[in-house]
Amino acid sequence: MLDQFDRPLRNLRLSVTDRCNLRCQYCMPEMEYAWLPREDMLHFEEISRLVDVFMSLGVNHIRLTGGEPLLRRDLSTLVDMIASKEGLADLALTSNGILLADQVDELKAAGLRRITVSLDTLRPDRFVALARFNELERVLRGIRAASRAFGQLKIDAVVIRGVNDDELTDLIEFGRTVNAEVRFIEYMDVGGATHWSAEAVVSRKEMLERLGTHYGPIEPVGERTSAPADRYRLPDGTVFGIISSTTEPFCRSCDRSRLTADGMWYLCLYATRGIDLRAALRGGANVDELKAIIASGWR
Ligand code: SAM
Ligand code: SF4
């Protein structure tokens with residue numbers, strides 16, 4: 001299943017809720033949002049049915065995300081339903097970490113394979129300024145619990161000039177203590193009320209220069225994948241990544257699409273129009289009909 005640029009349908013990001021327990025400036029800056037009505041959210045059985053159809057068309061990497069995915073009740077039940085599907089190559093989760101310490105063992109037992117936790121700062125005052133809630137301690141506890149349960153993890157940090165761009169080395173050093181590969185994400189213009197500006201973006205080039213000044217020569221880890229992060233090695237062997245979606249978009253090799261909690265399927269993070277799979281599903285479409293809708297959408 002290739003699209004018009006010969007990109008395979010391979011990676012599916014499953015948003016399991018639109019709700020969140022943080023209000024990151026760069027994502028959901030307002031205090032109040034009108035959340036999706038519960039009846040509009042896909043049930044686990046519906047998600048599972050759609051996953052089967054996506055997998056029959058080539059998807060084999062699935063990442064659970066949100067909103068904050070750990071706010072979805074009984075998430076481990078969904079993990080269990082997906083993890084047991086034949087042909088699945090990867091099942092990962094991206095979380096803000098607040099509720100992770102309580103859930104990580106259950107998620108692992110259900111078949112989750114990898115965890116990424118978002119962490120932009122190690123300073124409590126900054127955390128509150130960035131995300132509105134005083135939750136850094138719980139996030140750090142969640143990271144340590146994930147490290148214990150999985151042996152390793154990834155930490156994603158959005159880098160914003162004048163906000164946390166002086167913490168690149170602190171985050172790498174913290175990553176070492178929990179066996180986490182740290183990935184720096186260039187600040188993206190995701191629209192909404194986020195007040196993105198080009199000046200606030202710290203480019204990959206600049207991040208590499210700053211880290212090189214501190215650590216010495218940095219080498220790219222030679223690999224060709226469709227993963228969004230370019231990976232680099234510090235002189236002591238520590239590997240980190242940079243996701244440069246803003247200054248060096250990786251659209252040419254992107255194989256990701258996104259299913260929202262209410263069943264809208266978007267072909268790109270920046271897409272403004274999606275395909276309503278919930279309507280098809282609840283309207284009685286059978287497997288072949290769902291397959292045809294997804295296949296023609298991707299093509
Ligand atoms: N709530 C979970 C979390 O924060 O990890 C999962 C969903 S969150 C939308 C997924 C990732 O998108 C997070 O790592 C977050 O930092 C990133 N993100 C959100 N808005 C962004 C922006 N404007 N630029 C770059 N990354 C962004
Ligand atoms: Fe919530 Fe994640 Fe968005 Fe922050 S980045 S507001 S934690 S969904």
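Since this is a predicted model, take the numbers as computed values, not measurements. Remember, it's 1-based here, ligands and their atoms both numbered in the order they're listed.
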**Student:** Evaluate the 4.0 Å heavy atom contact test for atom 24 (N) of ligand 1: does a protein atom fall under the cut-off?
**Tutor:**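 Flag for atom 24 (N) of ligand 1 set to true, protein heavy atom closer than 4.0 Å.
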**Student:** Counting only heavy atoms from other residues, nucleotides and ligands, does the tally under 6.0 Å from CD of E289 exceed 12?
**Tutor:**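 Correct, the count exceeds 12.
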**Student:** State whether a side-chain donor-acceptor pair under 3.5 Å links D189 with Y270.
**Tutor:**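 Not at all, the side chains of D189 and Y270 share no donor-acceptor pair under 3.5 Å.
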**Student:** E68 heavy atoms, cut-off 4.0 Å: which ligand 1 atoms fall inside?
**Tutor:**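 In order of number, 1 (N), 2 (C).
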**Student:** May I ask whether T194 has any heavy atom positioned less than 4.0 angstrom from an atom of ligand 1?
**Tutor:**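 Per 4.0 Å heavy-atom rule, T194 does not contact ligand 1.
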**Student:** Quick one: look up the protein heavy atom nearest atom 3 (Fe) of ligand 2 and list residue, atom name and how far away it is.
**Tutor:**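 Nearest protein contact, heavy atoms only, for atom 3 (Fe) of ligand 2 is C27 SG, 2.4 Å.
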**Student:** If you take all heavy atoms of A83 and L88, which pair is closest and at what distance?
**Tutor:**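 Minimum heavy-atom contact is CA-CD2, 4.2 Å.
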**Student:** Considering only the protein, which heavy-atom contact is closest to atom 18 (N) of ligand 1, and what is its distance?
**Tutor:**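 Checking every protein heavy atom, the shortest distance to atom 18 (N) of ligand 1 gives Y26 CE1, 3.9 Å.
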**Student:** If you measure from the Lys or Arg side-chain nitrogens to the Asp or Glu carboxylate oxygens, is any gap between D156 and R183 under 4.0 Å?
**Tutor:**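 Judged by the 4.0 Å cut-off on N to carboxylate O distance, D156 and R183 do form a salt bridge.
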**Student:** Of the options I62, V16, L107, L93, which is the one that meets V79 in a side chain to side chain contact (heavy atoms under 4.5 Å, CB included)?
**Tutor:**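 Single side chain to side chain contact (heavy atoms under 4.5 Å, CB included) partner of V79 among I62, V16, L107, L93: L107.
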**Student:** Specify side chain, backbone, both or neither for S245, according to which of its non-hydrogen atoms lie closer than 4.0 Å to ligand 1.
**Tutor:**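 Near ligand 1, S245 shows nothing, with every heavy atom at 4.0 Å or more.
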**Student:** Who's the nearest protein heavy-atom neighbour of atom 8 (S) of ligand 1, and how far?
**Tutor:**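 Going by distance alone, atom 8 (S) of ligand 1 is nearest to T65 OG1, 4.6 Å.
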**Student:** Looking at D236 and R176, is there a salt bridge between them, counting it only when a charged N and a carboxylate O are closer than 4.0 Å?
**Tutor:**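 D236 and R176: salt-bridged.
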**Student:** Taking heavy atoms and a distance under 4.0 Å, where does T94 meet ligand 1: side chain, backbone, both or neither?
**Tutor:**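 T94 to ligand 1: contacts from backbone and side chain alike.
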**Student:** If you compare all heavy atoms of V104 against all heavy atoms of A146, which two are closest, and at what distance to 0.1 Å?
**Tutor:**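 In terms of heavy atoms, the two residues are closest at CG2-CA, 3.9 Å.
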**Student:** Could you list which atoms of ligand 1 come closer than 4.0 Å to a heavy atom of V190?
**Tutor:**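 In order of number, 23 (N).
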**Student:** Among protein heavy atoms, which sits nearest to atom 6 (S) of ligand 2, and what does the distance come to when rounded to 0.1 Å?
**Tutor:**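 That would be C24 N, 3.3 Å.
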**Student:** Is any side-chain N of the basic residue among D105 and R148 closer than 4.0 Å to the acidic one's carboxylate O?
**Tutor:**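 Answer for the salt bridge query: yes.
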**Student:** Quick one: does S95 get an N or O within less than 3.5 Å of an N or O on ligand 1?
**Tutor:**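 Yes: some nitrogen or oxygen of S95 is under 3.5 Å from one in ligand 1.
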**Student:** Pull out every atom of ligand 1 sitting under 4.0 Å from any heavy atom of C27, numbered as shown with elements.
**Tutor:**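 Matching atoms, with element in brackets: 19 (C), 20 (N).
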**Student:** For atom 22 (C) of ligand 1, find the nearest protein heavy atom and state the residue, atom name and distance (0.1 Å precision).
**Tutor:**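 For atom 22 (C) of ligand 1, the nearest protein heavy atom comes out as M188 O, 3.7 Å.
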**Student:** Quick one about Q103 and S76 (side-chain donor to acceptor, distance below 3.5 Å, no hydrogens or angles considered), yes or no?
**Tutor:**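 Not at all, the side chains of S76 and Q103 share no donor-acceptor pair under 3.5 Å.
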**Student:** Considering only non-hydrogen protein atoms, determine which one is nearest to atom 14 (O) of ligand 1 and report residue, atom name and distance to 0.1 Å.
**Tutor:**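 Result for atom 14 (O) of ligand 1: S118 OG, 2.7 Å.
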**Student:** Taking only heavy atoms of I185 into account, list the atoms of ligand 1 that are under 4.0 Å away from them.
**Tutor:**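 By the 4.0 Å cutoff, the relevant atoms are 25 (C), 26 (N).
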**Student:** Among all protein heavy atoms in this structure, tell me which lies nearest to atom 27 (C) of ligand 1, with the distance rounded to 0.1 Å.
**Tutor:**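 Checked against all protein heavy atoms, atom 27 (C) of ligand 1 sits closest to V158 CG2, 3.8 Å.
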**Student:** Show the atoms of ligand 2 that are less than 4.0 angstrom away from any heavy atom in N96.
**Tutor:**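 Every atom of ligand 2 under 4.0 Å from some heavy atom of N96: 7 (S).
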**Student:** For atom 1 (N) of ligand 1, what is the closest protein heavy atom, and at what distance to 0.1 Å?
**Tutor:**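 Nearest neighbour among protein heavy atoms for atom 1 (N) of ligand 1, to 0.1 Å: G67 O, 3.0 Å.
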**Student:** Side-chain contact, heavy-atom cut-off 4.5 Å: N11 with V59?
**Tutor:**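 N11 vs V59: side chains apart.
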**Student:** Would a 4.5 Å heavy-atom cut-off, applied to side chains only, mark L168 and F240 as touching?
**Tutor:**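 Heavy-atom side-chain distance check fails, nothing below 4.5 Å.
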**Student:** Could you tell me whether E46 and R49 make a salt bridge, using a distance below 4.0 angstrom between a side-chain N and a carboxylate O?
**Tutor:**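 No.
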**Student:** Knowing that exactly one of L64, T94, L259 qualifies, which makes a side chain to side chain contact (heavy atoms under 4.5 Å, CB included) with R13?
**Tutor:**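 So, applying the side chain to side chain contact (heavy atoms under 4.5 Å, CB included) to R13 and each of L64, T94, L259, only T94 qualifies.
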**Student:** Would you mind checking which non-hydrogen protein atom is closest to atom 1 (Fe) of ligand 2, with the distance to 0.1 Å?
**Tutor:**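 The protein heavy atom lying closest is C20 SG, 2.2 Å.
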**Student:** Which of the atoms in ligand 1, numbered in the order shown and given with their element, are less than 4.0 Å from a heavy-atom of E186?
**Tutor:**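 With E186 as reference, the close atoms of ligand 1 come out as 25 (C).
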**Student:** Would you say atom 20 (N) of ligand 1 makes contact with the protein, given that contact here means a non-hydrogen protein atom less than 4.0 Å away?
**Tutor:**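 At least one protein heavy atom is under 4.0 Å away.
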**Student:** Could you establish whether G67 and ligand 2 come within less than 4.0 Å of each other, counting only heavy atoms on the residue side?
**Tutor:**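 G67: in contact with ligand 2 (<4.0 Å).
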